[in-house]
Protein chains: 2
Amino acid sequence: MKAYLFIKGFLFDNIMEYQLTHSEENYLKEIFHLSGVDAFRVSTNNLAARLNSKASSITDMLQKLAEKELVSYVKYKGCNLTDKGEGIAVQIIRKHRLWETFLVMKLNFGWEEVHDIAEQLEHIDSTKLIDSLDHFLDYPKFDPHGDPIPDKDGKITYRKAKIKLSETVVNSLVEIVSVNEDSASLLTYLEKNNLVLGICIRIIEKYEFDKSMRIALENGNELNLSKKVIENIGVKFISKT
Amino acid sequence: MKAYLFIKGFLFDNIMEYQLTHSEENYLKEIFHLSGVDAFRVSTNNLAARLNSKASSITDMLQKLAEKELVSYVKYKGCNLTDKGEGIAVQIIRKHRLWETFLVMKLNFGWEEVHDIAEQLEHIDSTKLIDSLDHFLDYPKFDPHGDPIPDKDGKITYRKAKIKLSETVVNSLVEIVSVNEDSASLLTYLEKNNLVLGICIRIIEKYEFDKSMRIALENGNELNLSKKVIENIGVKFISKT
DNA sequence: ATTAATTTTTAGTCTTGTCTAAAAATATGT
DNA sequence: ACATATTTTTAGACAAGACTAAAAATTAAT
């Protein structure tokens with residue numbers, strides 16, 4: 001029996017070619033995150049910082065991934081995912097987000113404690129397992145942080161008009177729809193200040209000198225948020241006055 | 001905050017010392033299985049066969065594990081788990097069996113397809129995860145193959161008087177309580193012949209020349225089972241005539 | 001009790017993924 | 001445009017975990 005991999009309308013055979021190591025999978029995932037929706041080129045140093053690694057290690061791995069045609073890599077010019085590479089990255093992200101959803105919905109974890117465990121679970125290799133989990137969870141569209149969960153075929157349902165809180169203008173009324181999941185301390189901080197998914201806030205003032213922002217909650221409470229914080233919150237407009 | 005490891009009545013601190021690699025964990029688990037309840041010494045070649053590895057690789061790893069005081073190893077004389085090593089092995093087995101139970105009970109997997117996935121999941125490192133899973137599954141005592149699931153403290157509830165089907169005498173009436181989980185093809189074979197957990201069979205005849213056996217099912221059907229098969233089925237006596 | 005067969009260990013090599021230090025390419029500032 | 005700063009790559013090293021081939025210890029057999 002032959003196995004196939006269906007990516008972006010292309011059918012690749014010999015799926016065994018895509019049995020990657022944890023490390024390789026982490027590289028693909030991080031390149032995907034860094035290159036964003038517009039598929040920016042990702043620089044070696046950027047990747048090194050995100051993967052807690054050194055530039056020289058990144059260069060080595062990029063050459064290896066380029067050899068496998070998972071990234072397009074040009075010396076001194078950074079890298080990009082190929083269609084194959086992106087297809088795999090999306091499947092890893094699917095696994096990560098489904099496991100996070102499982103941990104929160106079924107095992108009663110808090111949304112701020114699931115990231116590290118999902119980092120491990122995302123490397124478990126079984127299509128049947130992940131599709132069964134998807135079914136068990138009733139095909140969720142978004143994970144506990146508000147990020148979209150890619151489906152079996154890698155299709156991602158983006159929420160329309162999601163932008164960073166830091167990009168909003170004064171007086172906007174917005175709903176929090178996602179939080180960058182990387183830092184457990186940030187998540188705890190937000191939880192403590194009641195800045196949870198689905199809540200509405202209004203931007204009161206923006207301070208140029210340190211790029212911070214003052215916002216108001218639904219209950220009237222006001223709060224100052226640093227540059228760091230507002231860059232890690234994704235919002236959707238409710239209305240603009 | 002300090003973390004502790006409670007093993008067989010001893011309290012070990014500095015749990016970080018026990019962050020083992022997948023490979024190390026697999027060695028401990030396999031030594032545990034091979035040395036059985038009576039803690040037999042396990043030979044290098046035996047381990048090599050079970051781990052699909054070479055004797056020289058085993059020697060290397062045993063020296064490393066002895067260094068960490070997880071096995072007691074004597075040159076040319078094989079190895080044994082220390083209390084620490086056994087405590088860790090039992091926790092890995094706990095994880096393996098809980099995940100198998102999850103796959104069968106919640107994700108509707110067949111009992112014969114869960115072993116390979118559980119081999120991966122057993123290495124996920126999170127005490128909170130596994131304890132939550134245990135709770136979610138309502139603290140099961142036995143896994144889908146009939147093997148006992150160690151509890152949080154490593155205690156194992158053995159079924160009394162479990163022996164191999166091959167060790168029974170003619171005319172015994174026994175209940176199938178476990179099946180050695182290693183071979184998917186064996187499991188499929190048993191399923192096909194309705195030899196599932198909990199079923200009762202009677203031993204009709206034993207053949208010395210090839211160590212095979214003829215048995216009868218509850219519905220009267222008779223069946224010949226090879227040496228290989230009857231050595232991999234665990235049973236409990238119901239009565240002996 | 002020696003010799004033969006088997007098991008186990010040692011010694012040396014390989015791959016993966018990482019690192020440091022130094023060299024090369026690119027980007028920046030005046 | 002040229003010197004300086006930054007980024008990226010190369011070269012060489014290392015640890016983990018496995019392997020092969022050869023040596024040493026143990027076990028079995030006559």
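The chains referred to below are lettered A, B, ... by the order of the sequence lines, with proteins before strands, and numbering in each begins at 1.
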Between [X] and [N], is there a contact of a side-chain N or O with OP1 or OP2 at under 4.0 Å?
X: B:Lys77; N: D:dT27; value: yes
X: A:Lys54; N: C:dT20; value: yes
X: A:Lys75; N: C:dT26; value: no
X: B:Tyr73; N: C:dT8; value: no
X: B:Tyr76; N: C:dT6; value: no
X: A:Ser53; N: C:dC19; value: yes
X: B:Asn45; N: C:dT6; value: no
X: A:Ser57; N: C:dT18; value: no
X: A:Gln63; N: D:dT9; value: no
X: B:Ser23; N: D:dA18; value: yes

For this session: For a salt bridge (charged side-chain N to carboxylate O under 4.0 Å, His left out) with A:Arg94, tell me which candidate from A:Asp147, A:Asp143, A:Asp151, A:Asp131 qualifies.
Result: A:Asp131
Quick one: [X] [atom1] to [N] [atom2], roughly how many Å, whole number?
X: B:Glu24; N: D:dA16; atom1: CD; atom2: C1'; value: 9 Å
X: B:Leu65; N: D:dA16; atom1: CG; atom2: P; value: 12 Å
X: B:Glu67; N: D:dA16; atom1: CD; atom2: C1'; value: 15 Å
X: A:Leu51; N: C:dC19; atom1: CG; atom2: C1'; value: 15 Å
X: B:Asp60; N: D:dA15; atom1: CG; atom2: P; value: 15 Å
X: A:Met61; N: C:dT15; atom1: CE; atom2: P; value: 16 Å
X: B:Leu62; N: C:dT9; atom1: CG; atom2: P; value: 7 Å

Exercise. Ion pair present between B:Lys227 and B:Glu231, side-chain N to carboxylate O less than 4.0 angstrom?
Worked result: yes
Exercise. Are A:Glu191 and A:Trp111 linked by a side-chain donor-acceptor pair shorter than 3.5 Å?
Worked result: yes
For this session: Check the side chains of B:Asn26 and B:His123 for a donor-acceptor pair under 3.5 angstrom, ignoring hydrogens and angles.
Result: yes
For this session: Confirm from the modelled atom types if A:Thr44 and D:dT9 form a donor-acceptor pair under 3.5 Å, side chain to base only.
Result: no
Problem set entry | Cationic tip of A:Lys128 above B:Phe109 ring, under 6.0 Å, 45° of axis | yes
